[in-house]
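Take a look at the structure below.
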Amino acid sequence: MEHKDNPKLYEIRHSLAHVLAQAVQKKYPDVKLGFGPPVETGFYYDFDFGDVQINEKDLKDFTKQMKKIINQKQEFVRSEYTADNVEEAIADILPNETYKHENIRNLKERGVKDFTFYQNGPFIDLCEGLHVAHTGELPIKGFKLDSIAGAYWLGSEKNKQLTRIYGLAFETNEELRSYLERRQMAEKFDHKKLGKELGIFHVEPDLVGKGLILWLPNGTVIRDEIEKYAKEIEFRYGYKRVHTPHLTKAELYHTSQHLPAYEESMYPPMVLPDEDSDTKYYLKPMNCPHHHLIYGSQQHSYRDLPMRLAEYGTCYRFERSGELSGLIRVRCMTMNDAHIYLRLDQFEEEFKRTIQMYQELYDTFKLSEYSFRLSVRGKENSEKFKGDAAMWDKAEKLLAKVMDELGLDYFVGEGEGAFYGPKIDIQFKNLMGREETVSTIQVDFLSAQNFGLTFINEEGKEEVPVIIHRAPLSTHERFISFLLEYYGGAFPTWCSPIQVSIIPVAEDCYAYADALAAELTSDFMRVKVDKSSNSFNKKIRNNTVQKIPNMLIIGAKEVEEESVTLRRYGIKEQEYLSRADFIALLKQEIADRVMHREPMGSII
RNA sequence: GCCGAUAUAGCUCAAUUUGGCAGAGCAAUUGACUUGUAAUCAAUAGGUUGUCAGUUCGAUUCUGACUAUCGGCUCCA
């Protein structure tokens with residue numbers, strides 16, 4: 001969070017971080033301080049507790065102490081130093097705060113000239129501010145220490161891991177309570193919970209493995225419908241479909257430079273013993289190298305470009321155990337992948353077409369809350385990014401230019417690029433507020449070189465194509481996790497596992513209901529007749545809880561008049577229409593992929 | 001992988017504080033009821049309390065290790 005967003009709240013959160021640090025110091029005087037900034041929902045402070053282990057019981061003690069400090073109305077006093085005298089000052093004021101010392105050195109290296117300290121009560125911290133006037137201004141019922149987590153110093157795994165204490169903080173108790181309520185609500189619509197309730201997916205860690213999803217019949221319907229839609233739209237946009245194996249020899253990934261760069265994200269190889277040397281096979285972590293070989297298998301004229309190769313390709317990545325999360329991060333994923341091989345002068349137009357296709361897809365799914373991230377090289381660990389600097393400059397500028405021309409707002413994500421080039425990532429937030437990349441478009445000047453890919457230009461000479469990697473619908477796994485949450489499990493008719501549930505009022509309506517079901521089935525609609533011995537009310541309830549988009553009530557009247565009463569999920573008004581009209585209506589609705597309800601979006 | 005929390009029936013949760021035969025609702029099964037817009041009644045079944053050790057006459061409860069899940073860090077679609 002930044003000061004300009006909401007100065008008062010920023011100061012409250014920032015000051016609470018200092019109060020937390022003071023409370024922690026009171027109980028553990030030897031603790032060393034890291035950073036303690038305000039964030040989206042409150043604040044955190046990083047501590048080095050040495051050998052002491054902190055648990056949630058400590059949070060209660062810290063909270064009590066924080067309240068005491070607030071009641072003491074300690075004044076925040078600012079003192080200023082320059083780059084010349086700050087190190088002397090801190091050696092005197094905070095002799096043991098080694099992380100603060102390191103921070104000052106880093107800031108000076110970056111050219112920072114002015115340094116400030118803030119003191120309240122016995123606590124003093126290097127900090128640029130700003131703060132409330134005194135601790136009495138802090139909302140004693142507006143904050144709550146939330147959780148403990150490990151966090152690496154300066155965000156690097158190579159550094160020591162500090163203990164981070166997260167606090168929630170708002171201006172009033174009402175706002176805090178409302179946030180907690182929203183969080184509870186979000187838990188209700190968590191895709192893992194809905195996935196279980198609606199029979200979408202299942203995981204069997206002991207027998208299959210963690211992060212390896214078993215898709216149940218209902219979930220598979222959703223996957224298949226999305227895939228069918230993707231194939232239609234890609235057909236219209238001129239894509240050709242390909243299929244590639246899940247396994248490949250190690251040599252492919254030497255050519256592509258995945259090895260050794262990407263090796264730690266890959267499953268270890270299968271080794272086939274051979275007389276001279278062993279042959280190693282890897283499960284593919286990406287589809288691109290295979291597609292490049294397909295492009296390279298034939299000679300191409302400049303007239304053939306852009307060439308668009310698409311595959312819903314299944315990939316395997318050995319994500320570290322702590323990184324796995326429901327369907328959002330898995331170890332086996334099926335990607336809405338395609339690679340576009342084109343001439344540089346075609347880039348702008350093709351990029352625009354691609355964005356246009358993304359928007360068409362998002363409109364269908366009614367996804368509107370996302371942001372574009374231009375993901376570029378990072379200054380740090382530059383060894384991660386392959387290829388020369390000139391190439392990266394060119395690619396990064398090209399993406400920025402096209403985004404500007406399209407008038408699309410974006411923010412820059414340093415160090416977020418792929419190893420072979422920069423990309424536009426499309427970021428969504430899940431219900432719990434966690435941001436994830438869903439779609440991506442990447443520019444790649446490197447792979448065509450690595451694979452020796454060419455086309456013959458107007459002058460009859462070989463030229464190297466540019467490659468766009470794109471995945472608008474992400475992976476089935478991640479995309480469906482977002483749909484589940486955004487829709488609260490209630491899918492539109494076209495991709496709903498069961499599209500129509502027929503509820504006969506009495507047994508003498510069964511024949512009509514069965515005939516209707518048979519007719520719908522012959523039109524490829526997914527339909528069931530609820531013949532359970534439940535009461536009518538219970539049937540309504542069961543089918544509603546299962547979030548079935550269309551319920552048909554069939555009683556004596558409907559049988560007699562060859563009609564149906566349509567009750568749609570989440571819509572109060574029922575429709576009474578003829579059987580023929582209903583079938584026509586629903587067929588059209590499915591064909592057009594109509595969505596009646598607005599998705600929730602992120603609620604935190 | 002690291003930090004913290006959690007693990008009881010298919011699901012949601014009790015009991016364990018002080019070690020002594022593990023309990024409810026929903027779901028399931030069976031029977032009765034055939035119902036006009038969100039829970040009909042009754043009966044039955046369902047558990048090596050995540051796994052493996054240790055302490056103990058006795059462990060679901062105490063100790064330790066492991067595994068998995070959740071929230072973070074790092075990594076990423």
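The sequence lines fix the lettering, A, B, ..., with proteins before strands; numbering per chain opens at 1. Model, not experiment: these values are computed from the prediction.
- Note: CZ (A:Arg164) to P (B:U74) measures 7 Å, nearest angstrom.
- Within 4.0 Å of A:Met333, counting heavy atoms only, lies at least one base atom of the nucleic acid.
- Between A:Arg320 and A:Glu323, at least one side-chain nitrogen of the basic residue sits less than 4.0 Å from a carboxylate oxygen of the acidic one, meeting the salt-bridge criterion.
- Rounded to the nearest Å, the gap between the C1' atom of B:A22 and that of B:A15 is 7 Å.
- B:U55 sits 31 Å from B:C70 when the C1' atoms are compared, rounded to a whole Å.
- Computed from coordinates, the A:Phe43 CZ to B:G72 P distance equals 17 Å when rounded to whole Å.
- A:Ser147 comes within contact range of no nucleotide atom at all, as no heavy-atom separation falls under 4.0 Å.
- Residue-to-nucleotide contacts include no donor-acceptor pair under 3.5 Å from the side chain of A:Thr437 to the base of B:A77.
- Taking atom NZ of A:Lys192 as the reference point, atom P of B:U12 lies 13 Å away to the nearest angstrom.
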### Task
Treat a base pair as Watson-Crick or G-U wobble with both distances under 3.5 Å, then lay out RNA chain B in dot-bracket form, 5' to 3', with | for cross-strand pairs.
(((((((..((((......[..)))).(((((.......))))).....(((((..]....))))))))))))....

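- Spacing of C1' atoms, B:C41 relative to B:A59, comes out at 41 Å, to the nearest Å.
- The residues A:Glu436 and A:Arg373 are annotated as not salt-bridged, no charged nitrogen and carboxylate oxygen being separated by less than 4.0 angstrom.
- Taking the centre of each ring, A:Tyr237 and A:Tyr239 stay at or above the 6.0 Å mark.
- Within residues 317-332 of chain A, the residues that place at least one heavy atom under 4.0 Å from RNA chain B are, in residue-number order, A:Arg317, A:Glu319, A:Arg320, A:Ser321, A:Gly322, A:Glu323, A:Leu324, A:Ser325, A:Gly326, A:Ile328, A:Arg329, A:Val330.
- Checking A:Ala471 against A:Thr544, the closest nucleotide of RNA chain B that is more toward the 5' end is the one next to A:Thr544.
- Residue pairs meeting the salt bridge (charged side-chain N to carboxylate O under 4.0 Å, His left out) criterion with at least one member in residues 193-208 of chain A, sequence neighbours excluded: A:Lys193-A:Glu197.
- Note on A:Ala151: only backbone sugar-phosphate atoms sit closer than 4.0 angstrom, heavy atoms only; bases stay farther off.
- Using the six-membered ring where Trp is involved, A:Trp392 and A:Phe385 have ring planes that are perpendicular, over 60° apart on the 30 and 60° scheme.
- The side chain of A:Lys539 contributes no N or O atom lying less than 4.0 Å from OP1 or OP2 of B:U35.
- Closest to the side chain of A:Lys557, out of B:U67, B:G36, B:C73, is B:G36.
- In the set B:U37, B:A68, B:G71, the nucleotide with an atom closest to the side chain of A:Arg567 is B:U37.
- Using a cut-off of 4.0 Å between Lys/Arg side-chain N and Asp/Glu carboxylate O, A:Glu369 and A:Lys429 are scored as not salt-bridged.
- Remark: the separation of the C1' atoms in B:C57 and B:U51 is 25 Å, to the nearest Å.
- Protein atom CE of A:Met335 is 14 Å distant from nucleotide atom P of B:C76, rounded to whole Å.
- B:G72 atom P lies 13 Å from atom CD of A:Glu435, rounded to whole Å.
- For the pair A:His191 (side chain) and A:Leu327 (backbone), a donor-acceptor distance under 3.5 Å is present.
- At a cut-off of 3.5 angstrom, counting only N and O atoms as typed in the model, there is no donor on one side facing an acceptor on the other between the side-chain of A:Glu157 and the base of B:U74.
- Shown for residues 571-578 of chain A: residues whose heavy atoms fall under 4.0 angstrom of RNA chain B, namely A:Gln574.
- Between A:Asp514 and A:Lys531, at least one side-chain N (NZ, or NE/NH1/NH2) sits under 4.0 Å from a carboxylate O, which counts as a salt bridge.
- Rounded to an integer number of Å, the gap from A:Ile54 CD1 to B:C3 C1' is 11 Å.
- Using C1' as the reference atom, B:G46 and B:C11 are 13 Å apart when rounded to the nearest Å.
- Under 4.0 Å is where a charged nitrogen must lie from a carboxylate oxygen, and between A:Lys231 and A:Asp224 no such pair does.
- For B:G1, its base sits under 3.5 Å from the side chain of A:Tyr152 at one donor and acceptor pair at least.
- A side chain to side chain contact (heavy atoms under 4.5 Å, CB included) with A:Val376 is found for exactly one of A:Glu396, A:Lys423, A:Glu416, namely A:Glu396.
- Comparing B:G4 with B:A27, their C1' atoms sit 34 Å apart, to the nearest whole Å.
- Here A:Tyr166 lies in heavy-atom contact (under 4.0 Å) with sugar-phosphate atoms only.
- Across the protein-nucleic acid pair, A:Lys196 atom NZ and B:A9 atom P stand 11 Å apart, rounded to whole Å.
- Set against B:U67, B:U37, B:U69, the side chain of A:Ile553 has B:U37 as its closest nucleotide.
- Here the P atom of nucleotide B:A5 and the CG atom of A:Asp146 are 14 Å apart, to the nearest Å.
- A distance of about 10 Å separates the C1' atoms of B:U49 and B:A9, rounded to the whole Å.
- Mapping A:Ile540 and A:Ser474 onto RNA chain B via the closest heavy atom, the residue that lands nearer the 5' end is A:Ile540.
- In this structure, the nucleotide among B:C70, B:A77, B:U35 sitting nearest to the side chain of A:Arg478 is B:A77.
- Around NZ of A:Lys27, the count of heavy atoms belonging to other residues, nucleotides or ligands within 6.0 Å exceeds 12.
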### Query
What is the per-nucleotide protein-contact pattern of nucleotides 39-49 of chain B, from the 5' end, where B denotes a base atom under 4.0 Å from a protein heavy atom, S denotes such proximity for sugar-phosphate atoms only, and - denotes neither?
BB---------

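- Between A:Phe479 and A:Phe365, the distance from one ring center to the other falls under 6.0 angstrom.
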Can you give the donor-acceptor pairs under 3.5 Å from side chains of residues 328-337 of chain A to other protein atoms, not counting sequence neighbours?
unit_1   : atom_1 : unit_2   : atom_2 : d
A:Arg329 : NH2    : A:Glu319 : OE1    : 2.7
A:Arg331 : NE     : A:Glu319 : O      : 2.9
A:Arg331 : NH2    : A:Glu319 : O      : 2.7
A:Thr334 : OG1    : A:Arg223 : NH2    : 3.4
A:Thr334 : OG1    : A:Thr314 : OG1    : 3.0
A:Asn336 : OD1    : A:Leu473 : N      : 2.9
A:Asn336 : ND2    : A:Glu234 : OE2    : 3.0
A:Asp337 : OD2    : A:Asn287 : ND2    : 2.8

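- With hydrogens and angles disregarded, no donor-acceptor distance shorter than 3.5 Å links the side chain of A:Asp46 to the backbone of A:Gly34.
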### Task
Assess whether salt bridge (charged side-chain N to carboxylate O under 4.0 Å, His left out) is satisfied between A:Glu575 and A:Arg568, documenting all intermediate values.
CA-CA 9 Å; A:Glu575 292 172 65; A:Arg568 289 184 184 276; 3.6 Å; yes

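- Not less than 6.0 angstrom separates the ring centroid of A:Tyr262 from the ring centroid of A:Tyr253.
- Between A:Lys423 and B:A77, a side-chain N or O to OP1/OP2 separation shorter than 4.0 Å is present.
- Taking the centre of each ring, A:Tyr282 and A:His258 stay at or above the 6.0 Å mark.
- Between A:Gln53 and B:C3 there is no side-chain polar atom (N or O) within less than 4.0 angstrom of OP1 or OP2.
- Across the C1' atoms, B:G58 and B:G20 are found 7 Å apart, a figure rounded to whole Å.
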